[in-house]
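Written below as structure tokens is the structure these notes are about.
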Amino acid sequence: TDQQPSSQSEEEASEETATEEATEEATEETSAEQTSQASDADIPAAVDKPLKIAAIMEFSTGTFASQYVSGLEAQVAKFGGEVQIYNANNDLSQMANHLQTAINQDVDGILIDHGRAEALNQGVEEALEKGIPVVTFDNDITVDGVTAISQDDYSLAWGTLKQLAQDIDGEGNIVYVWAGGFTPLERRNVIYEAFLEHYPNVEEIARFGSVSNNTALDSQNQMEAVLKKYPEEGSIDAVFAPYDEFAKGVTRAIQQAGRDEIKVYGIDLSDEDLQIMQAENSPWVTTAATDPAEVAGVQVRFLYQKIAGEETPSIYALDPSVVNVSDLPDESVTMADVGQHIEGWGSPNAARSPWMDALEAKNGQ
Amino acid sequence: MSLLQVQQLTKSFGPVNVLKQVDFSVEPGEVHALLGVNGAGKSTLVKILSGDYEKDGGNIEVDGEEVHFSSPSEAQEKGIAIVVQEVDTGLIPNLSVAENVTLDLTVSGKNSRPISWKKRKQIAADRLEKVQTPIPLNSLVEDCTLSQKQMILLARAVASDAKIIIFDEPTAPLSDHETKQLFHVIEELKAQGIGIIYISHRMQEINRIADRMTIMRDGKAVAVYETGSVSTEEVIKTMLGKQLHKADYQHRGFSEETILKIEDLQVPDTGKQINLSVRAGEIVGVAGLVGAGKSETANAIFGVTNAKGKWSVSDRNVKIKSPRHAVNAGLSFIPEERRKSGVLIDSSVQENLSLPALQNFSTAGWINRKKEHQSALQQIQELGIITSSPKALLKHLSGGNQQKVSIGKWLNHDSSVFIFDEPTKGIDVGAKNDVFRLITHLADQGKGILYFSSEFDELLQIADRILVMADGEITDEMQNQEATEARLMTAATGGNAVETAKYQRLSAAGRS
Amino acid sequence: MKQLNISDYPQQADRKERIVNFFMKFGTLLALGLIIVIFSLTNEQFLTYGNITDILRSISIVTLVAIGVTFSMIVGGFDLSVGSTVSLATVASGALLVWYSQELLVVLLVPLVLGALIGLINAFIVVKIRIPDLIGTLAVMYIINGVHLTYTKGYSIYGNMPMPDGSGTAPGIFIPAFQFIGQGRLFNIPFPVILMVVIVALVHLFLNYTRAGRLFYMTGGNKEAARLSGVPVNRYRTYAYVLSGVFAALAGIVLAARIGTGQVSAGDPLLMDGVAAALIGYSVFGAGKPNVIGTFIGAIIIGILLNGLTMMNVPYYAQDIIKGGILVGALALTYFRKKE
Amino acid sequence: MKQLNISDYPQQADRKERIVNFFMKFGTLLALGLIIVIFSLTNEQFLTYGNITDILRSISIVTLVAIGVTFSMIVGGFDLSVGSTVSLATVASGALLVWYSQELLVVLLVPLVLGALIGLINAFIVVKIRIPDLIGTLAVMYIINGVHLTYTKGYSIYGNMPMPDGSGTAPGIFIPAFQFIGQGRLFNIPFPVILMVVIVALVHLFLNYTRAGRLFYMTGGNKEAARLSGVPVNRYRTYAYVLSGVFAALAGIVLAARIGTGQVSAGDPLLMDGVAAALIGYSVFGAGKPNVIGTFIGAIIIGILLNGLTMMNVPYYAQDIIKGGILVGALALTYFRKKE
Ligand SMILES: Nc1ncnc2c1ncn2[C@@H]1O[C@H](COP(=O)(O)OP(=O)(O)OP(=O)(O)O)[C@@H](O)[C@H]1O
Ligand SMILES: Nc1ncnc2c1ncn2[C@@H]1O[C@H](COP(=O)(O)OP(=O)(O)OP(=O)(O)O)[C@@H](O)[C@H]1O
Ligand SMILES: [Mg+2]
Ligand SMILES: [Mg+2]
């Protein structure tokens, strides 16, 4: 538990990219092969039955989390299994309890979404001892034998901030929406601080933010105050809102104040976010994201590979994409077809073993 | 035809028959007194008449028309108004005087019509004028004195278009002057042909104001008399169902040692100074009319209110800034309002009895429950407390037994002075005798007793020395042998002999 | 003579007492004034028309919730379930618009009926079963929270969303007529502000100048006395809970219209702010009891603090300290004199 | 004759009344039994040693909070600030470990002292200024929340984190000795479970068998009567708030040790569950008043429901419905008979 998340994760980041590319190539090859010669016989016995999977989540509010859950449920259902969602509602000790409950239940595999290593390491170790494989998403658990996938918050933040810097030409006044206490937000903040250092001509003139069950409305009200404080056109160039609930509220405030010259740069994407971004004259121009449903799919597939006894990497980072509204067509787009417009969006074949199609086909009826 | 005719009225609470086929009637322009000892059923009867309780059987006719009330508003519609015994159950404390005086207009008003506060205040002023009591209209009722509250209720009842107005012990919180005003108002009502039901334990009031009286005993209406047709003694005998044997004062010896000495005690609520002393084994009575400031003085002595002054207990000077200091100094206090401040009604008899002397039942902070239980059993026997077990909750005990617990809890405590404030309030004759026995017993053990009461006959019966209090000050002092009710009354009313006659009190008719 | 009664009696209060009384009465308003002065000195944009209407718009939802809370407090009760009722109403109007493409009228009526229903449930638990209000409505809060989340399976509802059960895309959107409730303007005044001011005025008139309004106060002032005076107290307590539910539902509708989403759990944070506003209201004009003008001023104080402090770049968490401090101050004004 | 006084009065309770009484007394325990039976039938893993200790461990923190709440309730008060006190204690121990690399003793003592301090503030506001408990402690809750967030600038605290002020990396970590409090085991029993059971037992003994414990109950039973019997009631009320703060702080320490993080706002969800546990406790054995065994059983019921329903794959939000239902049921048992 005495690791140094920040420095280490940065190393991770570079490592991850390498591993991930390798894996991707590997899986793509195998999947191309396997489609032609799939048959029931190839399905490993360990996964050829209805499996009980537990998904331990730190929270499930917001559209990102909702779509992540649907992604999990869809992928597990395709494999003929059943997934149990353990939601800790932002309570880490509850999350640790849930993990323990899942272990006591003798589930076949455990997925973990967010949370912190210090709280969960013990449980994860216990799970591994009992032979229950674990795949984590977006946290700092680094127990041997666990596959940790991440949407790489550092790249997410950097992606959208890079676009911001380009758009304002490295100079201007920006507003920052942020709240501490959440691992992803804290990581994104690390990049933001670096960004400010890197672009000395970019000045943060206001900062606010709070996370509640009504984050979007709170952000909206607070952004209104900021807009009133800087009423002249051009006094604010951009808003960096590294969480889509922030971005939604900020966007609405700007729209309703008619200050369309201010642009919003967000992180995360969901169907709802897409709608808002694609609305006419939407100030929300850029977001950086991975597809939550796909994150879920990858995570589930790694878990099944582990159950089947296959080798899996210890870390795997999904490449985030920067989504600019300008890259999207005029007609409205859903998450399912963002990939047709944004290059590199989604890699549906990551972590796909040859027998998976057969398993899906078998449970298709 | 009678204005109100009640026949064969019955009412029971669970297994207890409180009213047993009561007959009762009121004529127009008549003041009809309702008499009876505590628990005879007077309040229950009038609560049925005013729609608070529903009757079990019998019938009620108003103006010859049979009525059945299931709520107070139905009774009001039929023209029956009541000034309740407990004033606080009739007023809304956080609303203004004006609104409280005109409460009936709000309740009976039309939903659609907006309220004009200007008009309301005018009406309220008129109504208060009628009872000759100006009270600031905008102040909140919670800031009013008890007698002001009583007068507000009165003003409201008078103003209602009622054919029958019920007064349940209206004079209890009133001063002499205010009582006169009340009687004046009642005369006016009578003149208008309104029927009045008047409940009181004060015979001299009854004699003055009532035309007829119905005497209740044990839930039955046992007799109806014209006022003046029978002697007061006869009335009391009918009320009690037996001749009253008054135990006479017996002179007891006590030491010369002063056990409690109070000097220059500044009583906060009355703003007056008090000096008094009590000797070991002596029972000192403090007499005074209602509102004389007895309770305030008792509270100040015991440190309930933060009073300045000099205390000396058994010749030691002590500072008393809180009841805790008083307890440590060896004082015990049986307050007037038993349920509010005397006992814990949701706790057991045993827990109540051991409370002030909990140290005595504990070693190193741990309670010796066996000892506590044993002691409670013993006290229950000695005091004759009627309870199913020491573990029974106090709320299941009757009032008199609660009072015994309120006294008994101090007996474990090694105190040298006992202060009683109206200890016989609301308890029946039997319990009263027990309490007296207990007090005498304490005095015989060498304790000093300070006994505050407005029941002069009780003081004459028990006190060795009597101090008289009027308007917060001690105005007279006498040995029992020198005392007469007349002298007490003279001193208590500040020396007005004419007033005195009116306050001749009768024994046994305890107040509730 | 009669005139004398009505006119104010000579107030014999000495100077010190007069000062204390003055602060008791106007302390909260003075504090509000002070806050406004400070904010306008530190920021010249603070006192602009645009900012004032923004502040009012931002408090409109809290004010509606707080009015409901005020009703329950007037009858001497307490309703902890308002936050969850807001959430339910928000989700209900979202679902009606998006999942069932209903008309405006239906979208407005159904949540209000739901709110009234929750009020009835609260009343049943508190008035009939006699569970203490605080605890009974806490339990209802849990239940309503569970119900609305179960209904949407935890999803928020927005126009043309993919259906949670995977059956394609939802047919409806948040129609403009509905969004107008939260975002529209009439005569350049935000509609929710107009709605709020009209409702505050109506409720004020209702509570102070109608029979029913006074009966609410009587019920809360002394239940027993009110009952004996012929007030059907249990009925009025029930009304109060129903009104509390209805106002919370109305707040939920405005919330949904304002954010254009049927956001789950969106009402949770409103409970505390609503209660705080109603409590600050006790101290306004030294009323010492729940009153709607006070509640409104309480909401304004909270709204102004959020707005002004955000403008001053004070982090939101430090704002909580100030909010708590103001609350203690206002309450000390109300209760400290009640000593003894 | 005298003997007669004491002898038991014939208990005329008829059969129906006896049944009612039985349910009043044992209804909650029966419900607990029923829940256990149902869960063990539907899930064979439910009644394993591992799962039972897990359930107990999962409720240990809530139980500590609930014991504090129980103390404030016993003296007739209420403490809404416990959740924020938990958060503050969690953050404080995190900061001491990580930012200041303090020793175990300091890390344990400072949060407890802070908890006691918050208790004193609550007592000052409620006992001295006489602001009603519910409102006074609500304000304190806001303030403590603000303070602990301001202190960490909104960050959670974890080993070797980057310092919020950008001055490099924090020197300390969550040392194993500290983590043991939340995660360790003695004789194969989780340490927090041992801690909880020992504290429940001690508090039970304290409340029922010591003089001080009795005086707490007496203070709550009738403040005025207790005062006139020489009990220093304001002192005991102050003690109760201090104990409430200390137990909340202890819960915060266990929480920090369990999650290995000084998580901001971590205590918020504990308030409602703690209150619910204490309230369910009223109905256990028909006590009708706050008591620590009842509180413990209340916490067990909540913990078992959460565990069992999660095992049965009931979504967390639907669990709220059941929690609310159980709460209403338990309360109805306590209060329904009090009619009249
Ligand atoms: N709500 C009730 N439930 C049970 N018993 C009651 C109730 N109200 C009154 N009683 C009982 O009925 C009897 C008559 O009470 P009531 O109040 O009518 O007496 P009262 O004549 O007014 O006495 P007092 O002179 O003390 O006012 C008493 O024994 C009392 O204990
Ligand atoms: N403003 C008030 N509001 C409520 N009760 C009051 C008020 N003023 C006096 N009282 C009560 O009225 C009663 C009479 O007042 P006080 O204590 O001065 O007289 P007392 O001599 O003790 O009379 P007694 O004990 O016989 O009633 C007391 O019970 C007192 O508590
Ligand atoms: Mg009576
Ligand atoms: Mg008195």
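Keep in mind it's a predicted model, so treat the numbers as computed, not measured. A note on names: the letters A, B, ... follow the listed sequences, proteins ahead of strands, and every chain is numbered from 1.
Looking at heavy atoms from C-beta onward, D:L88 lies out of side-chain contact with D:Y151 at the 4.5 angstrom threshold. Between D:S87 and D:D268, the closest side-chain pair of non-hydrogen atoms falls below 4.5 Å. In this structure, the side chains of C:K323 and C:D273 come closer than 4.5 Å at one or more pairs of heavy atoms.
Heavy-atom distances place no part of C:I144 under 4.5 Å from chain D, backbone and side chain included. For chain D, the nearby parts of C:M272 are the backbone and the side chain; heavy atoms of each come within less than 4.5 Å. Heavy atoms closer than 4.5 Å to chain C are found in the side chain of D:L134, but not in its backbone. Contact of C:I125 with chain D is made through the side chain alone, with heavy-atom distances under 4.5 Å.
Side chains of C:T28 and C:S283: a donor on one and an acceptor on the other come within 3.5 Å.
Listed in order of number, the residues of residues 296-307 of chain D that approach chain C to under 4.5 Å between heavy atoms amount to none.
Annotation: maximal heavy-atom pairing with chain C below 4.5 Å, among D:K153, D:Q319, D:M141, occurs at D:K153. Per-residue counts of heavy-atom pairs under 4.5 Å with chain C were compared for D:I135, D:V264, D:N145, D:V328; the largest is that of D:I135.
Here C:R227 pairs with B:D52, C:E224 under the salt bridge (Lys or Arg N to Asp or Glu O under 4.0 Å) rule; sequence neighbours left out.
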